[in-house]
Q: 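This is the structure I want to talk about, given as structure tokens.
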Amino acid sequence: MKYGKCKYKKDVGNTREIQWVPVSEGYPDDPRMVLITLQYENGDYEIGIAEYWKLTDYGMEKYPEEYGFGRRHKNVVAWADLPFPYIKISND
């Protein structure tokens, strides 16, 4: 693949397609960092990273800003697992 003046070799071992899960279909099974897609009232979208905390009735009632995706929970429309870290492949 070429980007500008640099050449990059696509390595299948270092790439993966992002598989978004709409929040209408569910949330992560356990607390962890995930990618999120946010949608704002003006219709704009943004991608970010957030820590997910499992939703419980007690938690939502007592600490609403610390559960789910925190303060941004109401704007999250989808989530995805974080991609794998970059791993340099030697040319040997």
Side-chain angles (χ1 to χ4, degrees):
M1 302 180 100
K2 288 186 178 184
Y3 295 97
K5 296 181 181 179
C6 299
K7 293 182 181 180
Y8 294 91
K9 181 178 180 184
K10 184 176 180 181
D11 172 37
V12 178
N14 282 327
T15 61
R16 81 171 174 97
E17 190 173 319
I18 296 173
Q19 296 180 358
W20 292 101
V21 177
V23 294
S24 61
E25 293 181 16
Y27 293 96
D29 294 333
D30 54 356
R32 65 180 186 265
M33 298 296 285
V34 295
L35 289 176
I36 56 172
T37 296
L38 301 143
Q39 183 179 21
Y40 298 102
E41 292 175 8
N42 65 3
D44 288 348
Y45 287 89
E46 180 179 298
I47 294 175
I49 297 176
E51 187 168 8
Y52 174 78
W53 287 94
K54 195 165 189 128
L55 296 169
T56 64
D57 291 338
Y58 174 79
M60 287 299 292
E61 182 181 323
K62 208 72 163 143
Y63 309 102
E65 292 188 357
E66 295 179 23
Y67 281 79
F69 295 107
R71 293 182 186 103
R72 301 187 288 178
H73 187 83
K74 69 179 179 142
N75 298 105
V76 176
V77 294
W79 64 273
D81 287 320
L82 291 174
F84 298 108
Y86 170 77
I87 300 170
K88 184 175 180 176
I89 308 292
S90 70
N91 293 331
D92 298 340

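As the structure is a prediction and not an experimental result, all values here were calculated from the model.
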Q: For the CG atom of L35 and the CG atom of D81, what is their distance to the nearest 0.5 Å?
A: 8.5 Å
Q: Once you round to the nearest 0.5 Å, how far does CH2 of W20 lie from CD of E25?
A: 14.0 Å
Q: Any side-chain heavy atom of Y52 sitting closer than 4.5 Å to one from W79?
A: no
Q: Work out which heavy atom in V34 is nearest to a heavy atom in A80; give both atom names and the distance.
A: CB-O, 3.3 Å
Q: Answer yes or no: is there a side-chain heavy-atom contact under 4.5 Å between E41 and K74?
A: yes
Q: Donor-acceptor pair, N75 side chain versus L38 backbone, under 3.5 Å?
A: no
Q: Are L82 and R32 packed together at the side-chain level, in the sense that at least one heavy-atom pair is separated by less than 4.5 angstrom?
A: no
Q: I49 and V77: same hydrophobic cluster, using ILVMFWY side-chain contacts below 4.5 Å?
A: no
Q: Indicate if V23 and Y45 have the same hydrophobic cluster label, given that clusters are the connected sets of ILVMFWY residues with side-chain heavy-atom separations under 4.5 angstrom.
A: no
